[in-house]
Each structure stands twice: as structure tokens, then as C-alpha cells.
Amino acid sequence: MFAALTGAGLSAAAGLNAFIPLVMVGIFARFTDVMELPDQLMWLQSWPAIIIGLILLAAEIVLDKIPGVDTVNDLIQTAVRPLVGGVIFAASAAAAEFDGHVFWTENPLIAGIVGAVIAGIVHVSKTASRPTINASTGGTGAPLASFAEDAIAVGLSFLAIFIPALVVVVFIVLIAALYRIVSNGRRRRKHKGLLQTSKRLEREAEQEAGRGSRRERWKTWTTEYRERMGSRGNGASAETPDEPAEEPDMPSQAAAPKDQSPA
């Protein structure tokens with residue numbers, strides 16, 4: 001029981017940050033009697049393994065706090081974290097002595113598979129939640145989320161080594177937190193989609209109203225223009241019949257002197 005909880009806690013920590021539990025297991029195994037590594041995994045407590053783990057840990061801490069880069073880093077870590085989780089689970093098999101049997105020590109392959117599955121589940125959850133956090137906070141939440149994940153990985157590693165019974169409580173809290181993050185992200189995306197749809201409909205309505213007002217102005221202008229042109233045409237047609245009526249008077253006025261000359 002405690003061996004499984006120790007391995008599960010360390011593997012879950014590896015799903016958040018692969019190198020925190022790896023370095024901690026190596027240091028505790030080298031300098032204390034808390035961790036007793038199996039013979040095939042004694043290399044974890046060697047100086048080269050510890051130094052390389054510290055370098056990779058420093059790089060992981062920096063890259064995971066840069067928005068955008070953290071997503072790329074999570075993709076790269078998709079192969080690393082489950083592998084480390086499997087190795088860590090198998091390495092923590094020394095805790096099996098609390099159970100009075102050596103099942104995990106005698107079956108390192110099963111221990112590695114179980115650890116890889118646990119680390120993979122935690123890694124997928126972390127990878128899925130990080131874009132939601134970045135989108136909802138404009139990228140400012142990435143460093144805070146990364147610090148929180150690192151702190152959880154450190155605390156979970158300590159609990160898995162010294163108080164494995166509390167690992168179950170931490171798992172429950174992590175599941176609840178993950179559910180809340182995912183559900184809040186879905187609600188934010190849904191609300192954002194509704195706002196975008198509403199704004200789009202408003203723009204379309206404004207454009208349609210603008211087109212309608214232009215049509216009405218055009219119709220009004222063309223109607224007034226036609227009325228003006230029609231009134232001018234009627235005035236011109238009314239004046240033209242009056243001019244021929246005055247022409248017969250002109251010969252009569254000119255003929256009057258001819259009638260008076262004989263007299």
C-alpha cells in the first residue's frame with residue numbers, strides 16, 4: 001500500500017516537472033538512508049545523474065514560465081515525463097519493505113508501466129489546462145501556474161517519501177482543481193463566443209441599417225430630381241403655345257398703313 005502510494009506520488013510529481021522528483025530521489029538516496037534504490041537503478045544517485053538532473057531542472061523551470069514556450073516545452077516533455085515517472089516509480093520500490101513484501105522490487109517492469117501511466121495522466125492534464133490559463137489571463141498566468149506546479153511537485157515528492165498516506169488527499173485536491181480549471185475555461189470560451197456572436201450581429205445590423213438609409217436617401221433624391229425635371233418640362237410645354245398666338249397680330253398692324261395711304 002505505502003509502496004504504491006510512494007511510487008504514485010513521485011510519478012505524479014514527475015508529470016508536473018520531471019526533474020524535481022528525479023533530483024530529489026537521487027539526493028536522498030545518496031546522502032540519506034530514506035531511499036534505498038534497487039541495484040539496477042543505483043545510477044540515479046551518481047553525481048553525473050544528479051548534476052545533469054539539476055541542469056535540466058533549471059532549464060525546465062525557466063522555459064515553463066514563458067507564455068507560448070511553455071506549450072512547446074510541454075509537447076517535448078510528452079515523452080520525457082512518462083519515462084521519468086516510470087523510472088521513479090520503480091526506483092521507489094524500496095518503500096515496499098513497509099508492506100512486508102517485495103512485489104514492486106520483483107516486478108520493476110510493472111512498476112515502470114504504472115508510473116509511466118500516472119505521470120502521463122498528470123502531464124496530459126497539465127498540458128490541457130495550460131492553454132486555458134494562458135488564454136483566460138492573456139499569458140500573465142503562465143508564470144504563476146508554473147510556480148504553483150513546481151511547488152506542488154516539490155511538496156508531493158516530500159509527502160510521497162515521508163508521509164505517503166497523504167498522497168491520496170493531494171490527488172483528490174489536484175483532481176478538484178483540474179476540474180475547476182477546465183470547467184471555468186469552458187465557460188469563459190462559451191461566454192467569449194457569445195460576445196463575439198453578439199458583436200458580429202450588431203455590426204451586421206448596423207451595416208444593414210446603413211445600407212437601408214443610403215437606399216432611402218437615394219430614392220428621395222431621385223424622386224425630387226424627377227419632380228424638378230417634370231415641373232421644368234411642364235413649364236416649357238405651357239409657354240410654347242402662346243408664342244404662335246402673337247404672330248398673326250404682326251401682319252395686321254403692318255397692313256393698317258397700307259389701308260390709310262389711298263385715303
Contacts of type side chain to side chain donor-acceptor pair (under 3.5 Å), residue Ser146, not counting sequence neighbours: Asp64, Lys65

Which residues pass the side-chain contact (heavy atoms from CB on, under 4.5 Å) test with Ile55, sequence neighbours left out? Ile51

List in chain and number order the residues that pass side chain to side chain donor-acceptor pair (under 3.5 Å) with Gln45, two or more places apart in sequence or in another chain; answer none if no residue qualifies. none

Just to verify, what does Ser46 make a side-chain contact (heavy atoms from CB on, under 4.5 Å) with, not counting sequence neighbours? Pro48, Ala49

The reported gap from CD1 in Ile88 to OG in Ser157 (rounded to nearest 0.5 angstrom) is 8.0 Å

Identify the heavy atoms of Pro38 and Ala90 that sit nearest to each other, and give their distance. CG-O, 3.7 Å

pair Thr127-His123: side-chain heavy atoms closer than 4.5 Å: yes

Between Ser11 and Ala119, what is the shortest heavy-atom contact and its length? O-CB, 3.3 Å

Result of checking Leu159, Val167, Val25, Leu5 against Leu10 for side-chain contact (heavy atoms from CB on, under 4.5 Å): Val25

Tell me, do Ile20 and Leu156 make a side-chain contact under 4.5 Å, heavy atoms counted? no

What distance do Lys126 atom NZ and Leu174 atom CG have between them, rounded to the nearest 0.5 Å? 12.5 Å

Closest contact, heavy atoms only, Ala153 versus Ala13: O-CB, 3.6 Å

Heavy-atom distance under 4.5 Å between the side chains of Val80 and Gln77, does that happen here? yes

Mind jotting down which residue pairs meet the ring pair (Phe, Tyr, Trp, His ring centres under 6.0 Å) criterion with at least one end in residues 34-65? Sequence neighbours excluded, please. Phe31-Trp47

Would a single hydrophobic cluster contain both Phe158 and Val122, if residues Ile, Leu, Val, Met, Phe, Trp and Tyr are joined by side-chain heavy-atom contacts under 4.5 Å? yes

Val62 and Val72: same hydrophobic cluster, using ILVMFWY side-chain contacts below 4.5 Å? no

Hydrophobic cluster (4.5 angstrom, side-chain heavy atoms) - remaining members for Leu63: Ile66, Val69

Restricting to pairs with a member in residues 18-28, which pass side chain to side chain donor-acceptor pair (under 3.5 Å), not counting sequence neighbours? none

Once ring pair (Phe, Tyr, Trp, His ring centres under 6.0 Å) is applied, what residue pairs with a partner in residues 50-84 remain, sequence neighbours excluded? none

Just wondering, do Arg30 and Met35 contact through their side chains at under 4.5 Å, heavy atoms? no

Hydrophobic clustering (ILVMFWY, side-chain heavy atoms < 4.5 Å, transitive) - are Ile113 and Ile118 grouped together? no

Any chance you could measure Ser129, atom OG, to Tyr179, atom OH, to the nearest 0.5 Å? 15.5 Å

Side chains of Asp74 and Arg81, heavy atoms from C-beta outward: is any pair under 4.5 Å? yes

Going by the rule side-chain contact (heavy atoms from CB on, under 4.5 Å), which residues pair with Leu44 if we only count those two or more places apart in sequence or in a different chain? Leu22, Leu37, Leu41, Val87, Ala91

Among all residues two or more places apart in sequence or in another chain, which pass the side chain to side chain donor-acceptor pair (under 3.5 Å) test with Asn17? Asp150

Given Arg130 and Glu149, is the side-chain contact (heavy atoms from CB on, under 4.5 Å) satisfied, shown in steps? CA-CA 11 Å; Arg130 184 58 69 86; Glu149 291 164 358; 2.6 Å; yes

Closest approach of Thr78 and Pro82, non-hydrogen atoms and distance? O-CD, 3.0 Å

Applying the 4.5 Å side-chain criterion to the ILVMFWY set and letting contacts propagate, would Leu56 and Ile50 be lumped into a single cluster? no

Kindly work out whether a path of hydrophobic side-chain contacts (I/L/V/M/F/W/Y, heavy atoms less than 4.5 Å apart) joins Ile152 to Met24. yes

Between atom CZ of Phe19 and atom CD1 of Ile61, what is the distance when rounded to the nearest 0.5 Å? 10.5 Å

Sorted by chain and residue number, the side chain to side chain donor-acceptor pair (under 3.5 Å) partners of Thr71 (sequence neighbours excluded) come out as none

Tell me every residue that passes side-chain contact (heavy atoms from CB on, under 4.5 Å) with Thr32, counting only those two or more places apart in sequence or in another chain. Phe28, Val34

